[in-house]
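Letters A, B, ... are given to chains in the order of the sequence lines, protein chains preceding strands, and every chain is numbered from 1.
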Amino acid sequence: MLRPPLLQVDDLSVEFRTEEGRLRAVDHLSFQVDAGKTLAIIGESGSGKSVTAMAIMGLLPPRAFLLNGRARFQDGAGPAVELAGPEARESAIAPLRGDRLAMIFQEPTAALSPMHTLGDQIGDVLRQHRGLSGAAARQVAIESLAEVGFRKPQEAVDSYAFQLSGGLAQRAMIAIAMICRPALIIADEPTTALDVTVQAEILNLLKKLQSDHGTAILLIAHDLGVVANMADDVVVMRYGEALESGPMRELFANPQHPYLKALMGSVPRLGMPRDERLKPLRDIASVDVPAAQPQHTDTQQDLIRICDVSKSFAARGGMFSQGGVVRALVDVSLTVRQGECLGLVGESGSGKTTLSRMIARQVLPDSGSVDMRGQNGFDNIALLAGADLKQFRRRVQYVFQNPYHALNPRQSVESILTEPLEIHGIGDKSSRRQRALELLEMVGLDRRHLNRFPAGFSGGQRQRIGIARALALEPDLILFDEPVSALDVSVQAQILNLLRDLRAALGLTYLFVSHNLAVVDYLADRIAVMANGLLVELAPREALFENAMHPYTKRLVASVPEPDPDRAMDLSLFSVMHRKGSGDWPAPYAPVAGQSGTMEEVSSGHFVRIYPQQTSTL
Amino acid sequence: FVGPPSLDAQVEAGKLPPVAERLPTEPLVVDFTALGRKIGKYGGTLRTLEPQVRDTRRMVVFGYSRLVGYTPDGVIEPDIARSVDVEEGRIFTLHLRPGHRWSDGEPFTSEDFRYYWEDVANDPDLGRNGLPRPLLVDGQGPKVSFPDAYTIRYEWENPNPYFLPALAGSMPFDIFRPAHYLRQFHARHAEPEELKRLVDKAGQRNWQALHYRLDQAYKNANVDLPTLEPWVLATNPPADRFVFKRNPYFHRVDPLGQQLPYIDTVAMTIASAGLIPAMVGAGETDLQSTAMTMSNYAFLKQAEQRSDYDVLRWKSGKGSRLALFPNFNAADPVWRQLLSEADFRRALSLAINRDDIKEAVYYGLARSCNDTVLPGSPLYQQAFCDQWTQYDPAQAEALLDRIGLTERDGAGMRLLPDGRPMNLVVEIAGEDGEQTDVLQLIAEDFQKIGIRLLFKAVERDSLQARLASGATLMSVGSGLENGRAKPVDSPAELAPTLSAQAQWPAWGLHYESAGQLGAAPDLPFAQRLIDLTEEWQQTLDEQEKARIWQQMLQIRADEMPTIGIVADVDQVIVASRHLRNLPKDGVYNWEPGAFFGSYRPETFFLEAPEVAGK
Amino acid sequence: MLRFIGYRTLVMLTTLLVISLLVFVIIQLPPGDYLTTYMAELQAEGETNTAEKIAFLKELYGLDRPLPVQYLSWIAGFPFGNFGYSFEYGLPVADVIGDRLFLTLLLNFATVLFVYLVAFPVGMFVAVRQHTLWDRGLTFAGYLGLATPNFLLALILLYLANALFGVSIGGLMDPAYADEPWTSAKIISVMAHLVVPVFVIGLSGTAAMIQRLRANLVDELRRPHVVAARARGLPERKIIRKYALRPALNPFISDIGDLLPQIVSGSVLISVIMSLPTTGPMLLSALRSQDMYLAGSFLMFLAFLTVAGMLVSDIVLALVDPRIRLTGQRR
Amino acid sequence: MSTHWVSDKPFDPERTTAQGTEPFAAYANASQRRLFWWRFRRHKLAVLSLAILILAYLVVVFAEMIAPSSAGKRDTQHIFMPPQRVHLMHEGQWVGPFVYDMQGRLDMDTLQRHYVADTTTPMKLRFFCRGEPYRFWGLVPGDRHLFCAPEGGTAYLAGTDRLGRDIFSRLVHGARISLTIGLIGVSLSLVLGLLLGGMAGYRGGAFDFWLQRVTEVLRSLPHLPIWLALAAALPVTMSPLTVYFCITAILALLEWPGLARAVRSKFLSLREEDFCAAAQMMGASDGRIIFRHLLPNFLSHIIVSAALSIPTMILAETALSFLGLGLRAPITSWGVMLTEAQNIEAVVLYPWLMLPMVPVIVVVLAFSFLGDGMRDAVDPLSG
Ligand SMILES: Nc1ncnc2c1ncn2[C@@H]1O[C@H](COP(=O)(O)OP(=O)(O)OP(=O)(O)O)[C@@H](O)[C@H]1O
Ligand SMILES: Nc1ncnc2c1ncn2[C@@H]1O[C@H](COP(=O)(O)OP(=O)(O)OP(=O)(O)O)[C@@H](O)[C@H]1O
Ligand SMILES: [Mg+2]
Ligand SMILES: [Mg+2]
């Protein structure tokens, strides 16, 4: 190759010096990015990916020190610039940032200033690097927003980050990053915070811009599916060190390092055989349960009956205006059967959390009812009070999406685990402690952890504590609200296996909410699909994946990136132009004003929402 | 006659008549030799500081223009009145100075007396409270006649020894009013519609209220009210700096026939009492007596050179600097009983280590003495001072034991006869460091005889109310007003004759209201004091008056209705070195004396009026 | 927008109404009324207080009416700018307060200005130079400001200003200028006299504000959007000014509501001690003599400042911060 | 890049962190309390402040022993005497802590007192000596003092005041009031603020609405008339200490809205937190949620506002005495002493009277820094 690489990183080491001690976040890392290509850095959480990116940008946090190594940036347009290392000069790097070298962050809404309009923020970059201002800058801003797929760029240019959905905000970030047509974009987990369909859209957008402008991408990700769809080359990192690197296809086809192998084994894939277990990096030696036996419990009775529940929220308006109404749930009817695992999927905002919280009686329905089987028939849970309510609280438990927020940071593990027992007056102090130890063991945590506080645990460990807490009262039903979406793949696999084992061992009933279909597929017996507050499809899992009826479901299924370069998604399906709203659904699925449609059974246990009148007109 | 140059321009412009026309035909020629004054120079501004807006009234005291007035030696002499004829001590004929004018140039005549007598004092609306006390003899008012424009005659059945002292009082006792000005607010004289308009404009309820408001010469808060004082208020309250301009019609002249006052303007700045010593030290005043005590002396003295002033010490005219006033009308029956016990009061007095207080608080510059007349008075006897005031805690304890206060609590403090702890609360009017210091020392002394003294500052005005209601057990204040009393001066303040007296407000009120209100004294000595006062009032014989005085002083020394602590604490006065004709030594007293008033401040002048005060 | 302001104004008026009632009651709390004070004064002047006289004076002052009537007639005048009548001065309250209000506002605005002018640059300076000697030194000085007893400090500074610069002690101008028309010399004199009170009154507020600005800015500087702005190559000054400072301003704006009344009521005692021709000394003496309408109107003025300050700060906050304007959420 | 490269490093699945130095392990296993202490220890000023405060409270406890005399003891011979210096060396010779005798003279012309030291004879201070008898905390009689004046001499280390009282002793005795009563007031307003603000924030609804109205009114209600009304209303026979105690209590009653507001808004957001929802879903009672889950998460704010209101309480006294509501003699506190020093004489002639400013400032600073340190230690995120 004659051309030098666009970015050459040699022997980079970064250390954090904190009061708690030193931490080698990046350890002798070397790699290179070629112009127009995509290099992916993968690795579990904490492996130093972000620090690497910041080191390249010259924006290391105050307590990080570059120990050695260097990064050289050379695009055709100018001389080579040292980005990091002994010869790096801030004065030389600064003009590059935002111009030749741009960055996209993981949390798009946080990375945009909440106080300034998009146009203003784009304008700042233009003024800085292009000397444009005023109307000219605005025009360029509008164009760039249009380019990244804003439907009404004229309006968008005057909007604020918090007014945008995550996907739109990420598009705006990309627009800002791309505005000066950089030679290299560093994208630090650009889609982790987004749901699958939006993720696919963003990935598509990046691909398109890359091919249009020949930009190279340094993609940081832990989702192997994303990498398989995007990258040309891959670097695998773990705790600061590179463990394997090379062309993406080769790595995926032939992983060498045990770590990469393990990583790949821990990713759930659609259509995995029922009895195949994920292989997490570290498996949890949890309850000794007989090997997971699929329990088909279709014949069993209903545990929860949800009848025509609807829920609207008053959208919060500003100080000077009143918000409208968000219909989070529209006439949802659903049953959860004793002993099954019901999966609930849908895009962000489709009402999944609202529904699960409603079952937990955290949200009361505006209309309709949620009934639960009790000693003598079904009780409307909204009407429970006193001892009945307490009993209900005992039977239904909830596991939260975000393990960092679900545990009180000022409570020790013991206190967290014994609290439900205390509330329900079960046992005495020593027996409760005993039970807490059992629970810890059950979820595969060390007994010695009993006196620690949540801050001392990783995300996966915390989620396990959350699960242990949910198990403390030996409930009948556990509601999981996206329990693994905040975790990286290796930990995710641990948790998924754990949930599977526990269910088998304890005969629990699960409601499992997720937008990751592969995850749901791994656990669920039946899957319900929600869109815009409506239940659109309900089917046994095999039926759903093999024979998805609803266009929305189909799209969801198609948007799951497979960690297999050979089964790459057709990202172009997710281009802005092809973006599908409920209005684009074909008949008979397209909603009709004034109608709620009906759930029609297309095969045994497989329902899909259609609007019959429309069919008749056709 | 010569007028001040500052008015020349106005005279020339025809806005003012020439000086000869402004003066009465027979002005009061101030006796400079008797007072030891030098002829002065016209002009300048005299700066002074006062702590409150309502202190504009001090200018009326300072100016001290009365029908008759006291000399510094305590002798009454004519002033506004050309002369006063007294017959049998009961018929008083006042002769005004023809040509005398109010500060707005209107003539001052007997009409002004008539207006007061008929349209104010005896008006059914305005005079509802009846005549003021000095006009009453045995509850009867005088017969008043106005023979001519310059003569007024007051005639009582019996002698009225209070009349002239009242006219010479530091607080003006005006038996005349600027009729030409007040008439417009009087329903009997004014156009009803016009009056209604004025009443509404002032936000008053009716014309009486308006008239009452505007007719308060002593308050000195109405710029429009004509006056006879040397300086006339020129700033509308409220303000922080009041300017008083010379009265172009003032009736006094110096021996050269120059119209007084010499000083053109008095500027009174209102400043917080705590800040005044600092301001004085910074030279922001030309003549200052208020808000300074001996404790400021060292500081003031230190800044003398820098700020170009002299620190003077004038003698005090008060019988006692500080005295404790047991309230004989206390509402609490047990305490009232106790406070009525002469031995209790004597015990308290004996327990006070006055010499210690003198040294600790007053640099030794005071005299341990009971509240009585001062050595400067012809009535003074050492025994009045010393009786029951020698420090003798043992005897004090014996006295207390004798009256049965033998029970004590765990801490060794005596209990009241009904078993309550004996917490003697002394109330102080306003925060006053000197008083709290002294009380603190007294508290230590009382501690030794088993009495717990607590003290609390209350607002001056609410203290007055608390005293009247009997809520206060004991208060602290200064002693006899006229410490240099002569036999001819009224001894009324020795007896329960005023509701404002802190030790027996109810008895005083009883006397004041001629038995209508309050309560009759139930202690024989108090009644005896009243009887003696009345005897004094009846007699015209000076020897007899002196005898009565002595007797009353003796009773007080023995009964201790007030417990005097120290006397003869000098008043600190700061005077600019440019200020002339201010005596180096003097007596600083309210009644008689009007503070600087009897020293004739209109004769003070500034040596270099242009530079002074800058 | 209008709806919001309308609603808030309504709430504000109700609050003020409640406060007016409380104020009225509190002023009445100490035993007696203005008459007691006045009678005591008359008595001291040697007058006898007969029942007729008391009745006469009661009528004169309108104190013969029942309290609720007194209260209602007092607040009924407010919408028409009629705040009742001062017994002490014998004038309508509005006339009494008159030009004092101007100097009061001058003093208080000067103090607010001082607080902001000092707190802002210093706060920004120390936030950017976190953990340096400068930071420590200024933080220490700030705490010192919080800890110094105001009154004593006032006295010391007054003395020093006089001894060193010849500024006359007390007041807001040299006495000679008191009733002169406004000239440049007078203005200079006022400025010179403002220094000490403004410093003393503003000191603790400034210190507190520096602390808070520093904390906020340090927080804000760590936010991802500031890092992102750096990644866009924007110059550091612009990042601090535009991206970090602006969101850090919120607490300051909400402070306007608190700061002004705090300063105004804080300045009352200082004004008394330093003899400033502001409403402070007058308020205190009115309260002491139970000149109830005067005192009450002053207090209502203070309360109005507070309530209006809160309203204004809410509106400004919404205008400045799109998050609040558009979603009603603060963070 | 086109080559497939594989590191020869092994894969250790049990490894959970990047390479680091030792302390990490210690941190990971340390208890919360220990971590708190470690973090606190980092804040040097806070540690110093803690030491100072411990010292100050030792003085509070042992005031009678530390002060050479009682607060009210007067020495009429030594009025307005400037602080006496403690020397160690006399004419080049080591003597140990001693003072020179000071003889005073009153200049009758200026009424100023001049003191001259007699430097011929050193007078040694006595330590752990018998001196003025006292009752320890009003109970146990004793007469031992930390140090006393030399025989026949004086030891006024901070000078004397206008009544000849030892300022050092008064400072020591004053600490007892100044450092305790304010604390009671602070705790009272804390409790009120937490309780009411907590209820409003957690419950919301009508209670919240009315509480907000009440706080609004309380915040806008000028405090001055309340003090004056109080000054008039409190019975005169009440002992000064009780009066002051009432005042602090009422000060607290007026102070709580500020805290309540903060607590409320914090609770409004905290109650949306998942862990709070989790507790609700477990069936926890409101009280449990407030006290076990919400309050502990609000600790740092509480600490800071408590630390900041203590000085306010100490200083409030000077303002209150101005209104006639402060402590009165014979009670001694720093506020009383400062009020007594609040005159031009103190500033110009007797500056040592202003010495109480020093402990006030030191204590206020100490509380502030202690609060800072504790906040940082409680809230690792903010550090
Ligand atoms: N400001 C900081 N102070 C101290 N340590 C830090 C800081 N930022 C990162 N670290 C540490 O550096 C290591 C690498 O962090 P980094 O953010 O690069 O991980 P990552 O690979 O991006 O993980 P993730 O997938 O969770 O984003 C981690 O152990 C982290 O705890
Ligand atoms: N408390 C609330 N107040 C107002 N709107 C709400 C509230 N809770 C939910 N919503 C709205 O209701 C809709 C459904 O929300 P929900 O949280 O159930 O979606 P979700 O499917 O769980 O989404 P995600 O995948 O992002 O968690 C969304 O538009 C959301 O904004
Ligand atoms: Mg990262
Ligand atoms: Mg959700």
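- Other residues, nucleotides and ligands contribute at most 12 non-hydrogen atoms within 6.0 Å of the CD atom of E407(B).
- Taking 4.5 Å as the heavy-atom cut-off, the residues of residues 61-85 of chain D that approach chain B are G72(D), R74(D), T76(D), I79(D), ordered by number.
- Looking at D109(D), both its backbone and its side chain come within 4.5 Å of chain B, counting heavy atoms on both sides.
- Y297(B) approaches T110(D) most closely through the heavy-atom pair CD2-O, 3.6 Å.
- Applying a 4.5 Å heavy-atom cutoff, the residues of residues 154-164 of chain D that approach chain B are R162(D), L163(D).
- There is no contact between R452(B) and chain D, counting heavy-atom distances below 4.5 Å.
- There is no contact between V311(B) and chain D, counting heavy-atom distances below 4.5 Å.
- Ranked by heavy-atom pairs under 4.5 Å with chain D, the list L441(B), V361(B), T472(B), T436(B) is led by L441(B).
- Pairs of residues two or more places apart, or lying in two chains, never qualify as salt bridge (charged side-chain N to carboxylate O under 4.0 Å, His left out) while including a residue from residues 220-235 of chain D.
- When every heavy atom of Y363(B) is checked against every heavy atom of M108(D), the shortest pair comes out as O-CE, 3.9 Å.
- Atom-to-atom distance recorded for N296(B):CG and L349(D):CG is 10.0 Å, nearest 0.5 angstrom.
- Here the closest heavy-atom approach between residue P277(B) and residue E345(D) is recorded as CB-OE2, 4.5 Å.
- Neither the backbone nor the side chain of L424(B) comes within less than 4.5 Å of any heavy atom in chain D.
- For E359(B), the parts lying near chain D are the backbone and the side chain together; criterion is any non-hydrogen pair under 4.5 Å.
- For residues 134-149 of chain D, an interface with chain B (any heavy-atom pair closer than 4.5 Å) does not exist.
- Neither the backbone nor the side chain of A443(B) comes within contact range of chain D, judged by heavy atoms closer than 4.5 Å.
- The local environment of OH in Y115(D) is crowded, with over 12 non-hydrogen atoms from other residues, nucleotides or ligands closer than 6.0 Å.
- Contact count versus chain D (heavy atoms, under 4.5 Å) is highest, among K301(B), E304(B), R313(B), Q302(B), for K301(B).
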